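These notes concern the structure reproduced below.
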Amino acid sequence: MTSPKLSRRTFVKTAVSGLPLACIAPGVFVNTARAADKPRSSNERLKIGSIGMRYQGSVIADKAQGYGDIVAIADVDREIAEKARKQFGGKATIFEDYREMLEKADIDVVTIGAPDHWHTKMLIDACQAGKDVYCEKPLTLTVDEGKILNKVVKQTKAVVQVGTWQRSDHRFRQAVEMVHDGRIGNLKKVTVTLSKNKTSGSFKPEPVPSVLNWDLWQGQTPDVPYIKERCHYTFRWWYEYSGGQMTDWGAHHIDIAQWGAGMQDSGPVDIEGTAKFPNVKNGYNVALDYHLKARYANGVLLEVNDSGRTGVMFEGDQGRIFVNRGTIAGKPVEDLAKKPLSRESFKVYSHDNLSRPPRMGKLDAIVNHMGNFFDCIESRETPISSVSNQHRSVSLCHIGNISQRLGRKLTWDPEQELFVGDAEANTWLKREQRAGYEIKDT
């Protein structure tokens, strides 16, 4: 059932009534009804629960509050939670465990800014609790998590926007549209340049801060002594919790590469990664140097480097376009002066809201990315960064890391989402999960 459509202005000022929640067991929720299926009242605003409130989590909550009120905050670090409550008006209820928030708080929408290893489980739990969700990238920690997540989103009919905001940045969108419009002829190659991973020495375990629930922060990952560099932002330099730059900036740039190549719903057929790895006890363990080559069934080649000017280069038989967070360049771009490509003619995504001005740069682009999410909550359309296409993008990042860590070329079946003829490589598509934090197939 889809609610009657409202004008954007009316929608921004209104919200749905509170969503009743049926809880059948701790952490297990029944999807009773979606927020947009409930009658709207002109006196109510959407109620938002925000999970994970360190920097990026607070950024997306800030953009979301243009459409509703932050009424609940969940964070395993009490100090961060208190700071966030103050930032968002001082009235939000604080929860240490997000599962308690989903059970007890009267909310319609959830934003997730927690560390990478928590994204999938939090997203699944929120969808099954009947919420629509904006979740930060990378979407998953493993390929198999994405397979499960896709099923859940289809079953619950949740509207989910993934935080790959470059899709809502006009420069990146224009580059992709130009490639699809034939402005560089037939696409032959895409080169993605990322930054190098961070390196470290050996860190010493410390007492767990009194404000932090370290066991809950670790979630599905192995229980290890607390080291502050494992936590908060620097978690991404440990394979236990993330995938280094490959799943950080790679989740952005590789997504743009696949989108431009028309492969956002598929993947490569072979992949070859090389890398060097540190051997430091209790230190960062992501690749020191890394390189990746992948080939698609349509003949397009993708190359990922860790040195050079960061960005995405599309090369065709009639020209090339380079795009990053500061520029879009190339002869085809210069030719737009005499042969424009209007936003009205954009075709790689069908639910654009052209009343929103084109925006560029992280904070501005997130404005439109969040706006697209709330547009889709109203219309029940699929957001521009869907679970489906973001699962495919981050899967390429994951299998790239697997190839690097195994040190060999791998053949990939994008239909079955399995490695061909390599049982060992297929064991890397999932990970062991600690009891109580498992992500179970539906």
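Note that the numbering runs from 1 along the sequence shown for the chain. In this text the structure is predicted, and so the values were computed from the model without any measurement. All values below were derived from every heavy atom in this structure, side-chain atoms included, with hydrogens, water molecules and symmetry-related copies excluded.
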Does Lys137 offer a backbone N or O that forms a donor-acceptor pair with the side chain of Gln390 under 3.5 Å? no

cation_pi(Arg230, Trp214) dist<6.0 Å, angle<=45: no

So, for Ser388 and Asn150, which heavy atoms are closest and what is the spacing to 0.1 Å? CA-OD1, 3.5 Å

What residue among Tyr233, Tyr284, Trp217 forms ring-ring contact (aromatic ring centres under 6.0 Å, His included) with Tyr241? Trp217

Given 3.5 Å as the limit, does a donor-acceptor pair link the side chain of Glu136 with the main chain of Ala114, or not? no

Please determine, by modelled atom types, if Lys362 and Gln56 share a side-chain donor-acceptor pair under 3.5 angstrom. yes

NZ/NE/NH1/NH2 to OD/OE distance under 4.0 Å, Glu82 and Arg78: yes

Any chance the side chains of Asn368 and Arg356 put a donor and an acceptor closer than 3.5 Å? no

Donor-acceptor pair, side chain of Ser266 and main chain of Glu415, under 3.5 angstrom: no

Whether over 12 other heavy atoms sit under 6.0 Å from Glu438 CD: yes

I need the minimum non-hydrogen distance between Val160 and Cys127, along with the two atoms involved. CG2-SG, 3.8 Å

Evaluate side-chain contact (heavy atoms from CB on, under 4.5 Å) for Gln433 paired with Ile439, printing each intermediate quantity in order. CA-CA 8 Å; Gln433 299 172 334; Ile439 299 169; 3.9 Å; yes

May I ask you to say whether Lys196 pairs ionically with Asp289, meaning some side-chain N is under 4.0 Å from a carboxylate O? yes

Main chain of Gly326, side chain of Asn324: is a donor-acceptor contact present, judged purely on distance under 3.5 Å? yes

Identify the heavy atoms of Trp259 and Val176 that sit nearest to each other, and give their distance. CE3-CG2, 3.8 Å

Nearest 0.5 angstrom please: Thr234 OG1 to Phe203 CZ, how far? 7.0 Å

Mind checking the CG-CE spacing from Asp248 to Met246? Nearest 0.5 Å is all I need. 11.5 Å

Show your reasoning for whether side-chain contact (heavy atoms from CB on, under 4.5 Å) applies to Tyr67 and Ile377. CA-CA 11 Å; Tyr67 303 89; Ile377 289 177; over 6 Å; no

Assess, by modelled atom type and distance only, whether the side chains of Ser242 and Asp116 contain a donor and an acceptor separated by less than 3.5 Å. yes

Short N-O contact, Asp125 and Arg99, less than 4.0 angstrom: no

Asn389 side chain reached by Arg167 side chain, heavy atoms, under 4.5 Å: yes

Between Ser385 and Thr164, is any side-chain donor less than 3.5 angstrom from a side-chain acceptor? yes

Taking all atoms of both residues into account, what is the closest heavy-atom pair of Met313 and Arg320, and its distance? SD-CD, 3.9 Å

Check this for me: does any side-chain nitrogen of one of Lys151 and Asp441 sit under 4.0 Å from a carboxylate oxygen of the other? yes

Backbone of Leu341 reached by a side-chain donor or acceptor of Ser345 within 3.5 Å: no

For Arg173, is there an ion pair with Asp352 - N to carboxylate O distance below 4.0 angstrom? yes

Any donor-acceptor pair under 3.5 Å linking the side chain of Gln161 with the backbone of His369? yes

Determine, step by step, whether His291 and Gln404 satisfy the side chain to side chain donor-acceptor pair (under 3.5 Å) criterion, reporting the C-alpha distance in whole Å, the side-chain angles of both residues, the deciding distance to 0.1 Å, and the verdict. CA-CA 8 Å; His291 181 261; Gln404 290 168 0; over 6 Å; no

Might you point out which heavy atoms bring Lys131 and Ile107 nearest each other, and give the distance in Å? NZ-O, 2.8 Å

If you measure from CE on Met178 to CD1 on Ile321, what distance do you get to the nearest 0.5 Å? 4.0 Å

Does some side-chain heavy atom of Ile51 sit less than 4.5 Å from a side-chain heavy atom of Val110? yes

Distance check, rounded to the nearest 0.5 Å: Lys147 atom NZ versus Thr120 atom OG1? 13.5 Å

Output yes when a side-chain donor or acceptor of Trp238 lies under 3.5 Å from a complementary backbone atom of Glu229, and no otherwise. yes

Could you tell me whether a side-chain N or O of Asn197 sits under 3.5 Å from a main-chain N or O of Val286, the two making a donor and an acceptor? no

Using atom types as modelled and distance alone, determine if a side-chain donor or acceptor of Asp169 lies under 3.5 Å from a backbone N or O of Ala365. no

For the residue pair Ser355 / Asn353, report whether a side-chain donor-acceptor contact shorter than 3.5 Å exists. yes

Are Lys331 and Glu334 within salt-bridge range, i.e. N to O under 4.0 Å? no

Test Arg183 against Phe314 for side-chain contact (heavy atoms from CB on, under 4.5 Å), laying out the working first. CA-CA 11 Å; Arg183 300 297 178 100; Phe314 294 101; over 6 Å; no

Please tell me whether Gln65 and Asp62 have a donor and an acceptor in their side chains that are separated by less than 3.5 angstrom. yes

Sidechain-backbone polar pair: Arg434 side chain, Gly219 backbone, donor-acceptor under 3.5 Å: yes

Answer yes or no: does atom NZ of Lys83 have more than 12 heavy-atom neighbours from other residues, nucleotides or ligands under 6.0 Å? no

Arg45 vs Asp108, salt bridge (charged side-chain N to carboxylate O under 4.0 Å, His left out): CA-CA, chis, key distance, verdict: CA-CA 10 Å; Arg45 281 167 55 82; Asp108 310 302; over 6 Å; no

Heavy atoms only: give me the nearest Leu187-Val300 pair and the separation to one decimal. O-CG2, 3.6 Å

Passes side chain to side chain donor-acceptor pair (under 3.5 Å), His398 versus Glu145? Steps please. CA-CA 11 Å; His398 292 323; Glu145 283 186 4; over 6 Å; no

Within 45 degrees of the ring normal and closer than 6.0 Å to the centroid, is that where the cationic atom of Arg405 sits relative to Trp428? no

Inter-residue atom distance Arg325.CZ - Arg171.CZ, 0.5 Å rounding: 11.0 Å

Check the pair Lys91 / Asp69 against side-chain contact (heavy atoms from CB on, under 4.5 Å), numbers first and verdict last. CA-CA 10 Å; Lys91 296 181 180 179; Asp69 299 318; over 6 Å; no

Does a donor on one side chain and an acceptor on the other come within less than 3.5 Å for Thr111 and Ser50? yes

Between Tyr437 and Gln218, do the side chains contain an N or O donor and an N or O acceptor separated by less than 3.5 Å? no

Under 3.5 Å side-chain donor-acceptor pair for Glu240 and Asn285: yes

With a 4.5 Å limit on heavy-atom distance, are the side chains of Trp412 and Glu417 in contact? yes

Counting C-beta onward and ignoring hydrogens, is there a side-chain heavy-atom pair between Leu429 and Ile402 closer than 4.5 Å? yes

